[in-house]
Structure formats: structure tokens, C-alpha cells
2 protein chains.
Amino acid sequence: MKLDILTKTETLNIQKEIISKIRDLINLKNLEPGDKLPSERMLSEKFEVTRSNVREAIQKLEFYGLLKSIPQSGTFVANIGVIAMNGMIEDILRLEEPDFKSLVETRILLELKTARLAALRRTDEDLQKMKNALDAYAEKVRNGEDAVQEDLLFHLAIAKASGNSTMNTFMLIITPEIITNFEKYHVCDSNQAQAGIIEHTEIYEAIKAKDSQLAKQKMKEHFKILYQYCYNI
Amino acid sequence: MKLDILTKTETLNIQKEIISKIRDLINLKNLEPGDKLPSERMLSEKFEVTRSNVREAIQKLEFYGLLKSIPQSGTFVANIGVIAMNGMIEDILRLEEPDFKSLVETRILLELKTARLAALRRTDEDLQKMKNALDAYAEKVRNGEDAVQEDLLFHLAIAKASGNSTMNTFMLIITPEIITNFEKYHVCDSNQAQAGIIEHTEIYEAIKAKDSQLAKQKMKEHFKILYQYCYNI
DNA sequence: CTTCTGTAATTGGTTAACCAGATTAAGCTT
DNA sequence: AAGCTTAATCTGGTTAACCAATTACAGAAG
């Protein structure tokens with residue numbers, strides 16, 4: 001098991017090394033947007049790593065929009081200049097694992113905004129979905145059962161109702177990590193869950209009434225405890 | 001070329017179908033957190049697709065924290081209940097491509113926050129990097145050159161100074177798409193670039209002075225034009 | 001009956017051969 | 001010499017065989 005972790009971090013280091021070598025190559029050869037990179041085979045030979053490793057590195061850079069692979073043709077530098085490319089690769093290489101505080105901070109930022117936007121933009125269909133999620137949550141809590149999942153689904157329903165697909169995606173990305181951390185640190189207790197029904201209902205009503213400021217306000221109150229936790233950890 | 005796009009969307013559809021089948025399987029077999037999924041080989045056979053397709057689908061669900069692959073052991077359901085699992089997979093399947101408006105909206109949200117946080121938390125080293133980025137930007141603009149990249153790097157320097165790794169990551173994710181859209185719609189002109197020097201300097205000075213409210217305010221002014229554009233598109 | 005052990009089957013991950021489309025350039029025609 | 005054709009080569013993507021670690025289980029030892 002220990003060896004497994006070792007190889008995984010090792011793999012990551014290899015990937016970072018490859019990414020940094022690709023950056024050096026782009027700088028050395030003065031590649032500009034639209035220019036073609038050497039083929040994966042050549043890169044793997046030049047860097048003395050497997051083609052799989054090269055592919056993974058390229059896919060990562062493609063995810064961040066820096067490269068673009070075209071089948072049967074080649075890998076190309078995206079429409080971003082060499083300066084931005086260098087800066088961004090630098091950032092990507094230094095990206096640390098997200099800490100819990102940073103996750104919560106970001107979640108609150110997103111939730112306040114999506115609540116506000118949802119109040120402005122929610123359709124009747126969005127509202128119905130939020131209602132369903134809310135009812136499912138209340139039902140579970142009243143039965144004394146754990147309702148972390150239903151809690152979360154209510155918040156995701158709000159994110160969807162915000163009509164902002166980017167924020168919706170970001171909420172989806174951070175949610176699982178929030179959950180696992182919650183369970184790890186036992187953030188939620190049953191008292192909180194009881195209060196949660198009222199708070200959720202208030203948020204729901206504000207969004208239903210299309211009162212954006214109230215929705216944001218109620219969401220803020222809902223996160224009050226979380227706030228404290230976040231800054232005291 | 002057209003065929004290429006066709007196969008790509010087709011691949012995506014296959015992936016979505018696999019993801020939805022995996023969800024059905026989890027529901028049917030009542031798999032709970034920690035339970036093991038059938039092996040990749042069995043799934044590929046059952047779904048009548050290649051193992052690569054199954055792997056990609058699993059990796060996507062792993063990215064969203066819903067599954068966890070352990071080498072030489074199996075793929076396991078993450079510590080998220082079946083209800084949350086269903087809701088999140090539903091969301092993931094329906095995730096649409098981010099529109100420009102949604103990108104800009106999110107960017108502004110993040111930038112206002114990171115500017116505020118940077119003013120509170122920036123180290124001297126952060127400040128120096130921001131200064132370098134600012135100077136590079138001003139230099140380019142004064143020479144009448146295009147400075148979109150330097151502009152962006154200044155903003156990323158702020159994101160880094162915010163000390164919030166999650167927001168930093170999110171900024172990195174949306175930045176390339178913002179750039180390409182900017183270039184597509186020709187959002188920036190030279191007048192703006194000239195004004196940009198002053199605005200950037202003001203933001204920098206506010207962060208240097210650790211005045212968080214002023215930093216946020218100056219950032220807001222900086223995005224005023226972008227705001228208008230975003231809501232008029 | 002329990003515990004240990006060794007072997008065989010199973011697992012996700014890796015590798016190398018293969019594929020189809022794209023690119024290139026040489027060769028033929030005009 | 002210019003334009004078209006065609007065949008050889010190069011590309012990223014796909015596939016199937018392979019690997020090492022893990023697991024499951026049968027059987028021996030206690």
C-alpha cells in the first residue's frame with residue numbers, strides 16, 4: 001500500500017517534469033500559437049519516458065487549454081502567447097492540494113452568489129426540483145437519519161437554478177471533497193440538521209419569492225457556523 | 001474534419017451512456033459507499049463497449065470524487081451515499097458547455113474575492129511577483145503591443161496571492177477560455193489597455209497597502225466595461 | 001475447528017503493436 | 001514548369017496482450 005502511494009506521487013512528479021520540459025521546448029523552439037509540437041513518440045524518446053506519460057502530460061495541459069490535440073495530425077499550441085503559456089504552466093506546476101479552509105471559503109463564495117442568481121433566474125421547474133430536494137432532506141432529518149447527502153443535493157439544486165453553468169460545475173467539483181472532509185472532522189451534528197430544515201426552507205422561500213437579497217442573506221446565516229469553523233480550524 | 005467532430009461527440013455520448021449505466025448498476029445492486037464495482041473487463045463486456053471507454057468513464061467519475069480506483073484491487077464507491085451519487089451523476093450528465101456570459105460572471109466573482117483576500121494575506125514575495133507582472137504589462141502597452149497575456153498574468157498573480165488554492169485553480173481553469181473568447185469577440189481595444197495600466201496600478205497599490213475594501217472596489221471598476229459587455233451580449 | 005500457507009485467479013495499470021485518417025512529397029501527365 | 005495523382009510516411013487514438021500486486025480459496029498443519 002505504501003509502495004502504491006509512492007509510485008503515485010512518483011508518477012505525478014514525472015508528469016510535472018514532462019510538463020516543465022514541454023515548456024522549455026516551446027521556449028527553446030520559439031513555438032507560437034498554432035505551431036505544432038513534436039509527435040508524442042519523439043517526445044517520449046527525447047524525454048526518455050513512456051508515451052503514456054507524455055500523453056497524460058499533454059492531456060493535462062489540454063485540460064487547462066494550453067495545448068490542443070488533433071487526431072492524425074498533431075498536438076498544437078493553443079491561441080495563447082508564449083508569455084501567458086509560461087506563467088500558466090508555472091502556476092499549474094506549483095498548484096498545491098486544496099486545503100479544507102480554501103474549499104469552504106470557495107464554497108461560501110459560490111453559494112452566496114448562486115443563491116442570489118437563483119432568486120433572479122429560477123424557472124418553475126428549478127423551483128420544483130429544489131422543493132423535492134428540500135422535502136427529501138426534511139423527511140430524513142425528521143426520522144433522525146443522516147441527511148448530509150440530501151443537504152448537499154438541495155444546494156446543488158440551487159446551483160443549477162442559478163443558470164450559471166461554470167459555477168454549477170465548480171460546485172460539483174468541490175462538493176465531494178467537502179463531504180469527505182465533513183465526515184472526517186464530524187462538522188455536522190443533529191442539532192444543526194434540525195435547524196437546517198428551517199434555514200433551507202427560508203432560502204427556498206426567498207428564491208421562490210425572487211427576493212435575491214434575502215436569498216443571499218439567508219444563505220449567509222445558513223453558513224454562519226461553517227464560517228466560524230472555517231476560520232478556527 | 002466534420003467526421004472528426006462527429007466521432008468526438010459520439011465518444012462523449014458513449015461515455016455518458018456508460019456513466020448512466022454505472023449509475024443504474026449501483027442502484028440495482030444497492031451498492032453502498034466502500035462497495036466494489038464489477039471489474040473493468042466485466043463492465044466492458046456487459047455494456048458491450050471497449051475497456052478504454054469504461055476506464056475513461058470511471059476516471060471522469062473519479063475526478064468528481066464519486067468513485068475510487070485502487071490498483072490491483074478494484075473500483076470502489078466513494079464515501080458518498082447512493083442518493084447523492086444519483087443526484088450528482090444526474091448533474092454531471094446534464095452539464096452543458098460553459099457559455100461566455102457564465103464564464104465572465106464567474107470570473108468577476110472570483111476576481112473580486114481574490115483581490116480582497118490578496119490585500120489581507122499577500123506576502124512580500126507575492127507583492128513582488130505582482131509588481132513584475134504589472135511592469136511587464138505596462139511596458140508592453142506603452143510600446144503599443146498587444147498585452148492580453150500580461151494582463152492575465154497580473155490577475156493570476158493576484159489569485160495566487162489570495163492564498164486560496166481552490167480559487168487559484170478555478171481561475172486557471174477559466175482563464176484560457178476567457179482569452180480565446182476575448183480574441184474571438186475582440187473585447188479589448190488599445191484605449192482600454194491604456195486605461196488598464198492605471199487601473200492595474202490602483203489595484204496593486206490597494207493590495208500593497210493591505211486595504212481589502214479598496215482593492216475590491218478598484219477591481220470592480222476595472223471590470224466595469226466587462227460587466228456591461230457581459231450583460232449586453 | 002482454527003490458522004497458516006501457497007497457489008491460482010482476478011484486479012487496475014502499463015506497454016507495444018496496430019489502425020485509420022492526415023500529411024507529405026515524389027512522380028506522372030499535360 | 002505547373003497541376004494533379006498516388007503511394008509512402010507520420011500522426012494521435014485504439015486495442016489487446018502483458019504485468020505486478022492483490023485477493024480468494026483450498027488444503028495442510030496445529
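To find a chain, count down the sequence lines: A is the first, B the second, and so on, and within it residues start at 1.
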Going by the angle between their ring planes, with limits at 30° and 60°, are A:H222 and A:H200 parallel, tilted or perpendicular?
perpendicular
Whole-Å gap separating C1' (D:dT11) and CE (A:M42)
12 Å
Within the structure, does a side-chain N or O atom of [X] lie under 4.0 Å from either OP1 or OP2 of [N]?
| X | N | result |
| --- | --- | --- |
| B:R55 | C:dG13 | yes |
| A:T50 | C:dT14 | no |
| B:S73 | D:dA21 | no |
| B:S39 | C:dT11 | yes |
| B:T75 | C:dT11 | no |

Do B:N27 and B:N86 have a side chain donor and acceptor closer than 3.5 Å?
yes
dist A:R23:CZ -> A:L61:CG (nearest 0.5 Å) comes out at 10.5 Å
Working to the nearest 0.5 Å, report the span between CG of B:D151 and CD1 of B:I178.
11.0 Å
Among D:dG12, D:dA17, C:dT15, the one nearest any side-chain atom of A:E40 is D:dG12
Closest to the A:R51 side chain, choosing from C:dG13, D:dT14, C:dT11
D:dT14
